[in-house]
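Notes follow the structure.
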Amino acid sequence: VNKYSTGVGRIWVAVVFMFRLLVYVAAAEDIWKYEHDEFECNIKQPGCENVCFDHFFPVSHIRLWALQLITVSTPSLLVVFHVAYRENREKHHNQKLYRNPGEIDGGLLCTYLISFILKIGFEIVFLVLFYKLYNGFKIPHLVKCDMRPCPSSVDCYISKPTEKMIFLYFLVATSCLCIILNLSELTYLIFK
């Protein structure tokens, strides 16, 4: 993918691997590792804490980010498969079928453009999903829960909310940066 990318595409690859994958592996696991264990409510009614946690955190942040990272990176495999197909076809016919194998043209250009559209779409879908699932891009210090089996309105506390908020903003910012980089490269290729 890097061989067929423009300069902006190479920056996108660096952002994905350095600022998303490495940060995810190095920091995210430690921050959200025990999120359920450290979620505490001021009542010990059986089941109340679990119901409240599931209501405010329907999907684990860490698992959703992992899914986002995998999904956003997958369209790049289309380009890899297309290049492998071209190379296999040339090898099979024992002749050069493409003018310059290092250039993006014809069918490879279409594959490249489709991969951009998919990456941008997936990024936007995940940002909207995060926003809808967690009622915005914020981590509250205190949540009030009045769901059954809780006997009344219960205060529940989230551990390390500021640390989680900073990390959440960082991931949202890198996601937005990736959208901008993909749109820039898409625009560049279209007008080139």
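Between the CD1 atom in Ile62 and the CG atom in Leu67 there is a gap of 12.5 Å [rounded to 0.5 Å]. Separating the NE2 atom in His61 from the CG atom in Leu168 is a distance of 5.5 Å, to the nearest 0.5 Å. Within the model, atoms CG of Leu118 and CD of Glu123 stand 12.0 Å from one another, a figure rounded to the nearest 0.5 Å. From Lys119, atom NZ reaches atom OG1 of Thr71 across 13.5 Å, with rounding to the nearest 0.5 Å. Annotation: the span from Asn182 atom CG to Leu177 atom CG amounts to 9.5 Å, rounded to 0.5 Å. Here the straight-line distance linking atom CG of Leu21 with atom CG of Leu69 works out to 5.5 Å at 0.5 Å rounding.
Note: the hydrophobic cluster containing Trp12 also contains Ile114 (ILVMFWY, side chain heavy atoms under 4.5 Å, direct or indirect links). Ile70 and Phe126 sit in two unconnected hydrophobic clusters of ILVMFWY residues. Membership requires side-chain heavy atoms under 4.5 Å apart, directly or through other members. By the criterion of side-chain heavy atoms lying less than 4.5 angstrom apart, applied directly or through intervening Ile, Leu, Val, Met, Phe, Trp or Tyr residues, Ile166 is not grouped with Tyr131; the two fall into different hydrophobic clusters. In the hydrophobic clustering of ILVMFWY residues, with side-chain heavy atoms under 4.5 Å counting as a link, Met165 and Leu142 come out apart. By the criterion of side-chain heavy atoms lying less than 4.5 angstrom apart, applied directly or through intervening Ile, Leu, Val, Met, Phe, Trp or Tyr residues, Ile180 is not grouped with Leu127; the two fall into different hydrophobic clusters.
Between Thr162 and His141 there is a side-chain heavy-atom pair separated by less than 4.5 Å. Looking at Val16 and Cys178, their side chains come closer than 4.5 Å, going by heavy atoms from C-beta outward. Counting only heavy atoms from C-beta outward, the side chains of Val154 and Glu49 never approach each other to under 4.5 Å. Side-chain contact between Leu133 and Leu64 is present, with at least one heavy-atom pair separated by less than 4.5 Å. Ile139 places none of its side-chain heavy atoms less than 4.5 Å from the side chain of Tyr134. Within the 4.5 Å cutoff, the side chain of Pro140 has no heavy atoms near those of the Asn135 side chain.
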Test log, rule side-chain contact (heavy atoms from CB on, under 4.5 Å), inputs Phe81 and Ser76: CA-CA 9 Å; Phe81 291 146; Ser76 297; over 6 Å; no
Glu185 and Phe116: side-chain contact (heavy atoms from CB on, under 4.5 Å), yes or no, with the steps? CA-CA 8 Å; Glu185 190 170 9; Phe116 277 122; 3.1 Å; yes
Intermediate values then yes/no, side-chain contact (heavy atoms from CB on, under 4.5 Å), Tyr157 and Phe39: CA-CA 6 Å; Tyr157 302 92; Phe39 183 83; over 6 Å; no
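Contact detail for Pro149 and Val51: the closest heavy-atom pair is CD-CG2, 3.6 Å. Taking every heavy atom of both residues into account, Val79 and Thr111 meet most closely at N-CG2, 4.0 Å.
For the disulfide bond (SG atoms under 2.5 Å apart) test with Cys145, the passing option among Cys52, Cys41, Cys156, Cys48 is Cys52; the others fail.
Annotation: Phe167 is in aromatic contact with Trp65 [ring centroid separation under 6.0 Å].
Other residues, nucleotides and ligands contribute at most 12 non-hydrogen atoms within 6.0 Å of the OH atom of Tyr188.
Side-chain N or O atoms of Ser175 include none that pairs as donor or acceptor with a backbone N or O of Val172 at under 3.5 Å.
Taking the six-membered ring for Trp and thresholds of 30 and 60 degrees, Phe53 and Phe57 have ring planes inclined between 30 and 60 degrees apart.
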